[in-house]
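Below is one structure, written out as structure tokens, with a few remarks after it.
No experiment lies behind these values; they were computed from the predicted model shown.
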Amino acid sequence: MIIVMSSSNRDDVNHVVTRVEELGYKAHVIYGVERTVVAAVGDERGKERLTSLEALPYVEQVIRVLKPFKLAGREVKKEDTVVTCGGTKIGGGHFCVMAGPCSVESEEQMFGTARAVKDAGANVLRGGAFKPRTSPYSFQGMELEGLRILRKAGKTFEIPIITEATTPEQVPVVAQYADMIQIGARNMQNYGLLRAAGKAQKPVLLKRGMMCTINEFLMSAEYILSEGNPNVVLCERGIRTFETETRNTLDIQAVPVIKLHSHLPVIVDPSHAAGRWDIVIPMACAAVAAGADGIIVEVHEHPELALSDGQQSLRPSKFGKLMETILPLLNVMGKVSG
Ligand code: PEP
Ligand code: MN
């Protein structure tokens, strides 16, 4: 249920929050541009009791939320959410480019790539320290040492960093080092991990599961939001289809569809969608044209030597070309960088 306030006075809002909690529901206050609302989430049964709050003088209306995603949906918040990562903005007209290697491999590798992507205009540096690999025999990431190297590279080149947490236990340490926590496609429905990320004090990038629907994607975002973390960015990274030319199929339609349903920013990962470097630039252009709020791209100085995802990584020169190519499109779409 949404309790639409006729007042944004903190005392009035706090009173409503207390009443909602007394009725056994969790209260999430959303200060929008046009209105302040208190979203009451919890057990669907007995929700009608919340309508009694309409009797309060500073409550305008109590409305039932029809969609299953209560906090992620536009019913509760009409305007676009802007998420801040380090000093960079994502959403609401701010286009964010995240770039870097699939995995942190060494200080030399990370520093070389960080310098290159920063010079080319990237807003956030990526690099996996805990890697979710299909095979247990593949490189699993440098773990804590990888986090340290990534942090150092981010500090040195003054760029915020994003890295993945693959278990709930890793969330606090990843949150300590990184500016943004990534939840990978394989973990989109790892509810313990989602809840842990919801308790963290850092923004979260949630990637769409390769076999998950948009509805399931938004329900996973709901897990994070319902734990009290409002800073969630969604990432379309390709879904599995019968096509074998590409690793996945970029569901570009997901961008405008999600935006109809949700106020959360949506970015696109053309690297994992394509699985091949040679179509990453046109897919990045498609992302901008579809209205995405950013892209996340894999970049490696020596893709042939990469310990993971070399075949889909751009060399720094090609990444520079990508940035040059999307710039005029961003202007057309009315977006500003970062
Ligand atoms: C990654 O970003 O390197 C990654 C593993 O992505 P995904 O979870 O989308 O496969
Ligand atoms: Mn990768």
Flag side-chain contact, heavy atom, 4.5 Å: [X] against [Y]:
X	Y	answer
Ile2	Val38	no
Leu225	His28	no
Tyr31	Val29	yes
Tyr177	Thr163	no
Asn190	Leu194	no
Val336	Phe95	no
Leu56	Asp12	no
Asn123	Ser337	yes

Quick test of your reading: applying salt bridge (charged side-chain N to carboxylate O under 4.0 Å, His left out), list the pairs with at least one residue in [range], sequence neighbours left out, ordered by first then second residue.
range	value
residues 271-291	Glu245-Arg276, Arg276-Asp278
residues 115-142	Arg126-Glu298
residues 15-24	Arg19-Glu22
residues 169-184	Arg151-Asp179

Using atom types as modelled and distance alone, determine if a side-chain donor or acceptor of [X] lies under 3.5 Å from a backbone N or O of [Y].
X	Y	value
Ser262	Gly73	no
Glu54	Val62	yes
Asp293	Pro265	no
Glu105	Leu307	yes
Thr113	Met110	no
His300	His302	yes
Asn229	Lys202	yes
Tyr58	Met5	no
Thr36	Gly32	no
Lys335	Ala292	yes

Is [X] atom [atom1] crowded by more than 12 heavy atoms from other residues, nucleotides or ligands, each under 6.0 Å away?
X	atom1	result
Glu243	CD	yes
Glu304	CD	yes
Glu216	CD	yes

Any chain of hydrophobic side-chain contacts (each under 4.5 Å) joining [X] to [Y]?
X	Y	result
Val233	Ile162	yes
Val297	Ile267	no
Ile296	Ile159	no
Val13	Met1	yes
Leu50	Val37	no

So, are [X] and [Y] salt-bridged, with charged N and O less than 4.0 Å apart?
X	Y	value
Glu236	Lys207	no
Glu107	Lys152	yes
Glu158	Lys155	no

Open item on the list: Among residues at least two apart in sequence or on other chains, which ones pass ring-ring contact (aromatic ring centres under 6.0 Å, His included) with Phe139?
Closed with: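 Phe139 satisfies ring-ring contact (aromatic ring centres under 6.0 Å, His included) with no other residue.
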
About how many Å separate [atom2] of [Y] and [atom1] of [X], when rounded to the nearest 0.5 Å?
X	Y	atom1	atom2	answer
Leu305	Ser313	CG	OG	11.5 Å
Met188	Met219	CE	CE	10.5 Å
Leu314	Ile281	CG	CD1	6.0 Å
Ile183	Ile224	CD1	CD1	4.5 Å
Ile30	Glu79	CD1	CD	9.5 Å
Thr325	Lys318	OG1	NZ	10.5 Å

TODO: Begin from the C-alpha positions of Gln189 and Cys212 and carry the test side-chain contact (heavy atoms from CB on, under 4.5 Å) through to its verdict.
DONE: CA-CA 9 Å; Gln189 289 182 311; Cys212 293; 3.7 Å; yes

Task: Residues Asp309, Arg247; criterion salt bridge (charged side-chain N to carboxylate O under 4.0 Å, His left out); working and verdict - done: CA-CA 11 Å; Asp309 287 350; Arg247 184 176 179 185; 3.2 Å; yes

Open item on the list: So, using salt bridge (Lys or Arg N to Asp or Glu O under 4.0 Å) as the criterion, who are the partners of Arg74 when residues are at least two apart?
Closed with: Asp80

TODO: Check salt bridge (Lys or Arg N to Asp or Glu O under 4.0 Å) between Arg186 and all other residues, then give those that pass, not counting sequence neighbours.
DONE: none

TODO: Step by step, work out the side-chain contact (heavy atoms from CB on, under 4.5 Å) result for Lys70 and Lys67.
DONE: CA-CA 6 Å; Lys70 310 293 179 195; Lys67 291 273 174 14; over 6 Å; no

Task: Val266 vs Cys235, side-chain contact (heavy atoms from CB on, under 4.5 Å): CA-CA, chis, key distance, verdict - done: CA-CA 6 Å; Val266 185; Cys235 178; over 6 Å; no

TODO: Mind listing the closest non-hydrogen atom pair of Arg237 and Ala185 along with its distance?
DONE: NE-CB, 3.4 Å

Open item on the list: If the condition is side chain to side chain donor-acceptor pair (under 3.5 Å), which residues does Thr166 pass it with, not counting sequence neighbours?
Closed with: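 Scan of Thr166 (side chain to side chain donor-acceptor pair (under 3.5 Å), adjacent residues dropped) gives Gln170.
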
Open item on the list: Which Ile, Leu, Val, Met, Phe, Trp or Tyr residues join Leu66 in one cluster when any pair of side-chain heavy atoms under 4.5 Å counts as a link?
Closed with: none

Open item on the list: Side-chain heavy atoms under 4.5 Å apart, restricted to Ile/Leu/Val/Met/Phe/Trp/Tyr: what other residues fall into the cluster of Val33, or is it alone?
Closed with: none

TODO: Applying side-chain contact (heavy atoms from CB on, under 4.5 Å), name anything that partners Glu145, two or more places apart in sequence or on another chain.
DONE: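 Listed in chain order: Met142, Arg148, Ile149.
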
TODO: Evaluate the criterion side-chain contact (heavy atoms from CB on, under 4.5 Å) for residue pair Leu218 and Ile258; output intermediate values, then yes/no.
DONE: CA-CA 8 Å; Leu218 290 170; Ile258 292 169; 4.2 Å; yes

TODO: Would you mind listing every ring-ring contact (aromatic ring centres under 6.0 Å, His included) that reaches into residues 260-294, with sequence neighbours excluded?
DONE: Phe69-His261

